[in-house]
A.B. asks: 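Shown below is the structure under consideration.
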Amino acid sequence: MSKYDMLNPEQREAVFYTEGPLLILAGAGSGKTRVLTHRAAYLIEEKGVNPYHILAITFTNKAAGEMRERIDDMVGFGAESIWVSTFHSCCVRILRRYIDRIGYDNNFSIYDADDQKHVMKEIVKRLNINTKMYKERAFLNAISSAKDELIGPEEYKSRTGGDLPKEQTARVYREYQEVLRKNNALDFDDLIFKCVELLQKDPQVLESYQERFQYIMVDEYQDTNTAQFQLIRLLAGKYRNLCVVGDDDQSIYRFRGANIQNILSFEEQYPDAKVIKLEQNYRSTQNILDAANAVIKNNRGRKDKALWTEEQGGEKVHFQQFETAYEEADFIAGDVARLERKGIFDYGESAVLYRTNAQSRLLEEKFVSRNIPYRIIGGVNFYSRKEIKDILAYLKTIDNGSDDLAVKRIINIPKRGIGATSINRVQTYADEQGISFFEACRMTEQIPKIGKAAGKIQGFVNLIRVLRAEIPELGIQRVTEKLLEETGYVEDLKAEHDEEADARIENIDELISKIADYEDTAEEPTLGEFLDEVSLVADIDSLEDDKNYVTLMTLHSAKGLEFPNVYMAGMEDGLFPSYMTITADDPTELEEERRLCYVGITRAKKRLTMTAARTRMQRGEMQYNRTSRFLKEVPEELLEGQLVKQKERPIYQQANTGYAAARKALHGKDSYAAMRPRKEFGNASEIPKPAYQVGDRVRHRKFGDGTVTAMTAGGRDYEVTVDFDTAGTKKMFALFAKMVKL
DNA sequence: GGAGAGGCCTTTTTT
DNA sequence: AGGCCTCTCC
């Protein structure tokens, strides 16, 4: 009996089909990781392929690590020379070797979102751009999207078509790219972009990697963007042994440039491609799958498929709506505790999924007060905390002084009396001489008007110099500890004597142990490599399977994971699907939200609970939400639950009690009006008509004054389009917008 | 040059 | 509601 006998016929077919392009459409829970790992084993053991010639690409380090581990277990010998890596780390590896061929230095730094913002701020200031009109964030988003599409500054400029804001963006883009170049830095998107550029411009490098990667596998293919698609196309260009695995129904990263067409039109790109569908699900009960199938079938533009399982029946999908988000959170924490007490699910078997990170706060509170062990994924990344970034900036400076941003970040931390004025003087000198900021720091005696600051800067330079010299002898950990001593960083925090400072100290300790861990496990530890790894870490990477805590995370983070007991919190229109997508002109945005819902449902193995709240604080404002439209897409017979669980109900809700009302609110047409407090909207059964009409001038709290250009009765509320004088044209629901006629 | 106060904006999701 | 930025005053 071989290990391949355990696979079902489709899986086996996918494993054995090794030559030429192959598309595996793998539904949720259909065992795709299993197929990929078996396939690697098959290539090595049965086809005699040298593992050195195999590349497997994933999106997260966690996925890469798991795949590596499973292949190692299966193959035993030689598997370690397979490249299993994320898109980003794969590109970093290639670029560290060859980027000098396209005009960067091989010891480039990698900028994170924070660094990008700093750079953008400088540029916006320098170009005198009114950030009230054009936000830094908007520029960065535009640049990021352009890079995802492999559009460089020049090409961007040529495509503006005379559109003024785009011309502006083109200018900013060019500047931004110049600053990065000057700082010898790449941002996240550049890692892919520059790698493609390198492969396109240098046939020698391309040839060597094509020759190396004779067999390529790509996981989560539906999430690839154009740049990643090109990268793969180039690498696989010679041998064409390209196996991509994905599920168009789980494509949820369009905002990050993912192009669902990459998977939908794979067969056009590779006409000789073999297509294999994996539809048997090994994860969930039939009821959960039915719910998932019922929701996703409302999407158009998808490859037709339906999951099935041998696990018939199962629990129904639980549903409850609460008065407030507070009660919702309390219920979830209580339910988790109850199931644990009864011995049905351990804490580690439960997960709470939500649409926005902000929702985690209330849940966290309730988990704390009930003493339930939990873990929140996402929110503020460990490596973006201030104290961690400070220390990493020191380490970057020690490693390679060419990262101006890092140097400037810590030149006055702790306070050395080097302020903005001195920094500017140094920068001016650096600009004049065409040298880096740090190099300029070493020549303070040449800098005009630097005065007393010269000595202070010298002190800083000497500190770095000494630490740098000690790296080879002492190693990273010892040097980091020494750096903390010399700067008094931890001591200062200790002196603060408050909780926040204590938390920071804990984080620093954690960083130290991560460094120690790296030095223990890496073959040839170097500071540079450590910094690379650290900058490519994702939140999800820190999730450990064997710990017994409840996991709280966004629906996005949950992709690829599974839990016996899953809660989907905040099933409310306006939150999920988000307000943005409801009001968007483009219906495919709503489809993307629906896919997200599908991802959420299919995470559950045994038990799924959906919850909603009638009222919730959003952005400091009280929102009244009706239940999510996605909930209504789940057939009634699969649902079980009640609408309101609370002691007293306000008068306007008294008609809506019990299960019958729950169904009515879920599936009925008039539920929206019934949910609204009377005092605000008059007769609850009528659609409240706004006090303004088309052509009127109105005022909005945030967007200012504008003219109403359109108004349609959109079923339960009026949808109003307003052309604002300064904020552009917005489409919104009258009840939410609360605008007044002028 | 640094600390503190007040105003403003944000969030949908992230490698 | 909270974080960040800017302004002001020392």
Side-chain angles (χ1 to χ4, degrees), chain A residues 57-64 85-92 110-114 116-118 121 125 131-132 135-138 140-141 144 147-148 187-192 219-220 223-225 227-228 251-258 325 353-362 377-381 383-384 386 412 414-424 451-453 456 535-541 553-560 570 574-584 589-590 592-593 595-597 599-600 616-622 701-703 727:
Chain A
I57 290 202
T58 62
F59 271 84
T60 64
N61 294 301
K62 178 172 155 57
S85 122
T86 65
F87 271 104
H88 290 87
S89 51
C90 171
C91 289
V92 170
I110 301 168
Y111 277 5
D112 66 10
D114 215 54
Q116 290 179 289
K117 214 168 123 192
H118 272 279
K121 268 198 156 146
K125 212 162 153 193
T131 50
K132 288 272 180 311
K135 301 264 184 296
E136 285 100 328
R137 192 66 251 158
L140 284 170
N141 284 339
S144 173
K147 287 180 177 175
D148 287 344
D187 64 22
F188 267 134
D189 304 309
D190 281 337
L191 294 177
I192 318 280
D219 194 13
E220 306 281 14
D223 288 331
T224 52
N225 61 33
Q228 289 159 336
S251 167
I252 55 172
Y253 281 111
R254 188 164 68 167
F255 67 92
R256 187 168 88 183
L353 313 182
Y354 37 78
R355 180 68 239 271
T356 65
N357 280 306
Q359 289 168 258
S360 67
R361 276 224 1 261
L362 277 184
I377 306 291
V380 184
N381 187 314
Y383 291 103
S384 36
K386 182 186 176 300
N412 200 30
K415 303 268 182 280
R416 299 185 172 91
I418 307 171
T421 319
S422 305
I423 290 178
N424 282 336
K452 276 187 305 191
K456 300 168 183 169
S535 40
L536 299 176
V537 165
D539 297 316
I540 197 70
D541 298 335
M553 67 189 143
T554 62
L555 288 152
H556 281 88
S557 301
K559 189 155 66 83
L575 183 62
F576 185 42
S578 77
Y579 179 65
M580 312 269 280
T581 55
I582 296 176
T583 51
E589 287 197 24
L590 191 65
E592 173 124 337
E593 294 279 283
R595 289 193 289 271
L596 193 53
C597 184
V599 166
R616 151 184 331 265
M617 286 294 267
Q618 273 169 280
R619 295 184 239 102
E621 241 177 86
M622 188 60 85
R701 245 189 91 234
K702 280 186 197 122
F703 302 138

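Residue numbering restarts at 1 for every chain, and letters A, B, ... go by the order of the sequence lines.
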A.B. asks: Looking at the side chain of A:Lys121, which of C:dC5, B:dT13, B:dT15 is the nearest nucleotide?
C.D. replies: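 It is C:dC5.
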A.B. asks: Side chain of A:His556: nearest nucleotide among B:dT12, B:dT15, B:dT13?
C.D. replies: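 Out of B:dT12, B:dT15, B:dT13, the nucleotide with an atom closest to A:His556's side chain is B:dT13.
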A.B. asks: Any side-chain N or O of A:Thr581 under 4.0 Å from OP1/OP2 of B:dT12?
C.D. replies: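 False: A:Thr581 side-chain N/O out of range (4.0 Å or more) of B:dT12 OP1/OP2.
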A.B. asks: Across the strands shown, which category fits A:Ser422 at heavy-atom distances under 4.0 angstrom: base, sugar-phosphate, nothing?
C.D. replies: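 Since only primed, P, OP1 and OP2 atoms lie under 4.0 Å of A:Ser422, the category is sugar-phosphate.
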A.B. asks: Could you check whether any side-chain heavy atom of A:Asp187 comes within less than 4.5 Å of a side-chain heavy atom of A:Leu140, counting everything from C-beta outward?
C.D. replies: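 In short, these two side chains do not touch, never coming nearer than 4.5 Å.
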A.B. asks: Do the side chains of A:Gln228 and A:Phe59 get nearer than 4.5 Å, heavy atoms only?
C.D. replies: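 Yes. Closest side-chain heavy atoms under 4.5 Å.
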A.B. asks: I'd like to know if A:Arg355 reaches the base of B:dT13 with its side chain, counting only an N/O donor and acceptor under 3.5 Å.
C.D. replies: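 Answer yes: a donor N or O sits under 3.5 Å from an acceptor.
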A.B. asks: Expressed as a whole number of angstroms, how long is the span from A:Arg361:CZ to B:dT12:C1'?
C.D. replies: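 Rounded to whole Å, this separation is 17 Å.
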A.B. asks: Assign each of A:Arg137 and A:Asn141 to its nearest nucleotide of DNA chain B by heavy atoms, then name whichever residue's nucleotide is nearer the 5' end.
C.D. replies: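 The residue whose closest nucleotide sits nearer the 5' end is A:Arg137.
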A.B. asks: Are any of the side-chain heavy atoms of A:Leu596 and A:Phe576 separated by less than 4.5 Å?
C.D. replies: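 The answer is yes; the side chains approach within 4.5 Å.
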A.B. asks: Could you tell me if the side chain of A:Asn225 sits less than 4.5 Å from the side chain of A:Tyr253, heavy atoms only?
C.D. replies: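 Not in contact.
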A.B. asks: Can you measure A:Met580 atom CE to B:dT12 atom P for me and round it to whole angstrom units?
C.D. replies: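 Rounded to the whole Å, the gap is 5 Å.
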A.B. asks: From the list B:dT15, B:dG1, B:dT14, which nucleotide is the closest neighbour of the side chain of A:Thr60?
C.D. replies: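 So the nucleotide nearest the side chain must be B:dT15.
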A.B. asks: Indicate, with a heavy-atom threshold strictly under 4.0 Å, whether A:Glu593 touches base, sugar-phosphate, or nothing.
C.D. replies: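 Base: the residue A:Glu593, judged by heavy atoms under 4.0 Å, touches a nucleobase.
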A.B. asks: What's the closest nucleotide to the side chain of A:Thr554 if the choices are B:dT15, B:dT11, B:dT14?
C.D. replies: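 Given the options B:dT15, B:dT11, B:dT14, the side chain of A:Thr554 is closest to B:dT14.
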A.B. asks: In whole Å, what separates the P atom of B:dT13 from that of C:dC4?
C.D. replies: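 Looking at atom P only, B:dT13 and C:dC4 are 15 Å apart.
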